[in-house]
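Remember, it's 1-based here, ligands and their atoms both numbered in the order they're listed.
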Amino acid sequence: MKVYYDKDSNLDAIREKKITIIGYGSQGHAHAANLKDSGVNNINIALKEDSGSIEKAKSAGFDVLTIQDAAKDADLMMMATPDEIQSEIYDQFLDKNMKNNSALVFAHGLNIHFELIKPRDDLDVFMIAPKGPGHTVRSEYIKGGGVPSLVSVYQNKSGNALDLALAYGTGLGAGRSGMIETTFKEECETDLFGEQVVLCGGLTELITAGYETLVDAGYAPEMAYFECLHEVKLIVDLLYEGGIANMRYSISNTAEYGDYVSGKRVITNDTRKEMKAILRDIQTGKFVRDWMLECKVKQPNFKASRRISKDHQIEVVGKKLREMMPWIQKNKLVDTSKN
Ligand code: NAP
Ligand code: MG
């Protein structure tokens, strides 16, 4: 496996290029700010005319254009909009307007791998996919670090696509921690699996189920919140810093013994079987088909899930408890008025 760092890359490949970031959300705002701070000189943002993000991008000092106008001029366009609308954006605005021999760039491989977008032959098409949330791509960069990223070239019309991808990754700060060369298929399937099984789906269900078990048994919701949600970060910080043994070194022997005997009762052979089934649904395209169909009918299930989980007691109790810990709010990663 090839891993590239800043020393393997030259930012000059994109320094004077006209770069458009389409979308100014989680990834978009971070890409724009990091590239600018790295010395990329010509960045603008493309948004819909009625977009709620226009003011955010403008107050951060960026010019905002429509997607079709930006496309006519850009050397490189980063698709930083939600996955489910990318094919519509490509078909409506990019296919006929993108400059000949320019570059179309993705932060996730879904639309290319599952052929929702069939890019024009004359374009360079590549991916630089940060392995972390957009707000963290920004906050790590500010700290002098960077979020590791996956890089892959799908179409190399210019012959320079990898150099462009590595330069873009360096601008993002990814070259400080490593840019791993992969394929769109591998990035897409592992990314979907990771977020569904471990990082998002697995973790939130684990937290909620633990919380509900304690509250149902008569323990105070506040205690259950601290135990099952708040402390996750404290444990994850130790895992992040030095792996599983580093975390187990810090916890008590009692906690470590409980970890060995009870962890496997929570993640059972049935759970592992289900993980394999989820991976199969991702690989066969079933998951993406279901998600795109859900989007075609305006996301009723998705929106209801959001609404129901927002009202869960763990969220209500958590909000109250966090108000007593103002330092958590001080350096917030997410400020919805700005990013
Ligand atoms: P996001 O935050 O949901 O993107 C929202 C932005 O896209 C907003 O500025 C929104 O503008 C704009 N937008 C929405 N619909 C649009 C349209 N029809 N035309 C133009 N702009 C539109 O997206 P994201 O989560 O950053 O994801 C972007 C890409 O990065 C995806 O491919 C995703 O898989 C990938 N990725 C994301 C993360 C992450 O941390 N989120 C991590 C790795 C990779 P409005 O204000 O008008 O809605
Ligand atoms: Mg993802």
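- Panel note: side chain T190, backbone E187; a donor-acceptor pair is recorded below 3.5 Å.
- In the candidate list G134, G28, A46, G109, G134 is nearest to atom 40 (O) of ligand 1, counting heavy atoms.
- Heavy atoms from both the backbone and the side chain of T81 come within less than 4.0 Å of ligand 1.
- In this structure, R322 fails the cation-pi test against Y225, since its NZ or CZ atom is not both closer than 6.0 Å to the six-membered ring centre and inside 45 degrees of the ring normal.
- For D191, the N, O or S atom closest to the Mg ion (ligand 2) goes by the atom name OD2.
- Using a non-hydrogen distance threshold of 4.0 Å, A129 does not register as a contact of ligand 1.
- Taking only nitrogen or oxygen atoms, main chain and side chain alike, H108 does not reach within less than 3.5 Å of ligand 1.
- Paired with D75 under the rule salt bridge (Lys or Arg N to Asp or Glu O under 4.0 Å), one option of K99, K17, K18 passes, and it is K99.
- When the Mg ion (ligand 2) is compared with the N/O/S atoms of E195, atom OE1 turns out nearest.
- Using a 4.0 Å cut-off between heavy atoms, H135 makes no contact with ligand 1 at all.
- Proximity of E88 to ligand 1 is not established, as no heavy-atom distance is less than 4.0 Å.
- Which parts of ligand 1 touch P130 is read off a 4.0 Å heavy-atom cut-off, strictly below it: atoms 43 (C).
- Between I22, V147, I21, D83, it is D83 that holds the heavy atom closest to atom 31 (C) of ligand 1.
- Of all the heavy atoms of I67, the ones lying under 4.0 Å from any atom of ligand 1 belong exclusively to the side chain.
- Of the heavy atoms in V137, none comes closer than 4.0 Å to ligand 1.
- Geometrically, K96 does not engage F93 in a cation-pi contact defined by less than 6.0 Å to the ring centre and at most 45° from the axis.
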